[in-house]
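A quick write-up on the structure given underneath.
Below, chains carry the letters A, B, ... as their sequence lines are ordered, and counting in each starts from 1.
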There are 2 protein chains.
Amino acid sequence: MVEAVRLIDTRERILDSAERLFMAHGYDGTSMRQITGEAGVNLAAVNYHFGSKESLIQEVFRRRLDWLNEERMRILNELESEADGKALKPSQIVDGFFGTMLRMAGDENRGGITFLRLMGRTLTEPSEFIRAFLAHEYKVVLDRYKEALFQALPDVPKAEIVWRFHFMLGATSYAIAGTDALRLVTDWQIEKEDSVDRLDRLLPRLMSFLLGGLRAQLPQFPEEAASDGE
Amino acid sequence: MVEAVRLIDTRERILDSAERLFMAHGYDGTSMRQITGEAGVNLAAVNYHFGSKESLIQEVFRRRLDWLNEERMRILNELESEADGKALKPSQIVDGFFGTMLRMAGDENRGGITFLRLMGRTLTEPSEFIRAFLAHEYKVVLDRYKEALFQALPDVPKAEIVWRFHFMLGATSYAIAGTDALRLVTDWQIEKEDSVDRLDRLLPRLMSFLLGGLRAQLPQFPEEAASDGE
DNA sequence: CCATAATTCATACGTTCGTTTTAATCATAG
DNA sequence: CTATGATTAAAACGAACGTATGAATTATGG
């Protein structure tokens, strides 16, 4: 057991530093020398343990996403088995997906707020391979949750639900990434009021907004005089 | 007469290429050589005309944002003078801010969809100075629109409105940036259905969602309720 | 205890980056 | 036409990047 201590330590220290630095400065904006410098390990350690910078950030995500997505699946399965065939409430589904992610930020062993902000920021990351990787990691879970929403909202066209899922992801991503990084709108009172109980209050706030948007009146398209879709 | 043609051409060609490349690959992910290469101008032209890469992206934004923010101000002023003292409808305010931005994407002379996507992506851009620059550019307009929402929704706590403005920005940013770049959720039908009439349909869809979220039931915070949990 | 594998280390490689420099080319005014 | 200032062009700068190398160090199994 003692034999692997230094190995694991080095790997974990690199992952921790990379997580924090990618969150703060983005993928392209973070250099290997910054990462290894902050982690207190040799420059070559990243390539030795992970192979490349690309593999490193993938491992940074995998370390957290594996648990998160399994948890999301577990919750949805549990909800559906409890519902016993009946449709779930949209609020249950939304909370299972987005609430689980936000509550993860309270658990420092799972990356805490740092990973959450990295997550929020990376969904619009410029680098092609990162988006491709995330899309792949998320595919199964997203499909399950989309399907659950289809059944929970049988009167809403599927395309509309997909779009609103998209909007919800954006609102969440932004809410997370911006809690204390970007302050286009805020800039005055949010910081003080919510510096401590940030997550306690952010979750209900976001959930209200998401559910309001998800259940909003359906849009009317300007030239809509012909047949409906789907 | 003819004397300024080449100068203006070079400047504009650089700005156009930079706009497109920053949109596609981000700020750090785009090199001066890519920009000048695509624009068909000499590498040194950027530093000659703009001074630095940082100044270049600021000019890329200023070229479009000046008009957009003036238009937003004009619209809000007009709405308020028409209302003649009475409170505006939230939908008018939201449309003035977000609708104006989306409609700008239909005008190719104002950057079209390219600038809109650059905009959406940059709001979560890692580079510190870019976020600071945008925050500064937006300050006046955002304050005016926030104030308008305060008056339009007198029963909603101001902090709540600020948060929901924040969420709306995120949903919009994401909706724009992702229309054909990132496809975490979509990946199947949106592309085909909305490749042509993307903007015609995106605007009503987004507006419904935003207004639903803005007017949603107020959140209940756990510690305000007498009982702890359920 | 020693052979061997695993890990760390210092160092260097080849590229690419943003910027600068200096000379050539252009347009315009006197 | 020529003087002058503005623009473009080619080339190079030093710095930083991700990665690779080979030796030194550490841990492990027989």
What is the distance, rounded to the nearest whole Å, between atom [atom1] of [X] and atom [atom2] of [N]?
X	N	atom1	atom2	value
B:D28	C:dG18	CG	C1'	12 Å
B:L56	C:dT19	CG	C1'	14 Å
A:I57	D:dG18	CD1	P	12 Å
A:Q34	D:dA15	CD	C1'	14 Å
B:I35	C:dC17	CD1	C1'	12 Å
B:N47	D:dA12	CG	P	18 Å
A:R13	C:dT8	CZ	P	10 Å
A:Y27	D:dC17	OH	P	13 Å

is_close_aromatic(A:F129, A:Y27), centroid dist under 6.0 Å:
yes

Please report whether the ring centroid of A:F165 lies less than 6.0 Å from that of A:F97.
yes

Does a side-chain N or O of A:S52 approach OP1 or OP2 of D:dG18 to a distance below 4.0 Å, or not?
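Result: no.
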
Does a side-chain N or O from A:H49 land closer than 4.0 Å to OP1 or OP2 of C:dT8, or not?
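Result: yes.
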
Among [options], the nucleotide that comes nearest once only the side chain of [X] is considered:
X	options	value
B:A44	D:dA9, C:dT19, D:dT19	D:dA9
B:L43	C:dA6, C:dT19, C:dT11	C:dT19
A:M32	C:dT8, D:dT19, D:dA6	D:dT19
A:K53	C:dG18, D:dT19, C:dT8	D:dT19
A:N42	D:dA6, C:dA10, C:dA6	C:dA10
A:R33	D:dG18, D:dA11, D:dT8	D:dG18

Once you apply a heavy-atom cut-off of 4.0 Å, does B:T30 come out as touching a base, just sugar-phosphate, or nothing?
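Answer is sugar-phosphate: B:T30 comes under 4.0 Å of backbone atoms only.
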
Hey, what do you get for CE (A:M119) to CD (A:E19), rounding to the nearest 0.5 Å?
11.5 Å

Working to the nearest 0.5 Å, report the span between CG of A:L210 and OG1 of A:T172.
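Atom-to-atom, A:L210:CG and A:T172:OG1 are 4.5 Å apart.
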
Reading DNA chain D from 5' onward, which residue's closest nucleotide shows up sooner: A:G51 or A:S31?
A:S31

Assign the ring pair B:F61 / B:F115 to parallel, tilted or perpendicular, where the plane angle (0 to 90°) is split at 30° and 60°.
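Correct class here is perpendicular.
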
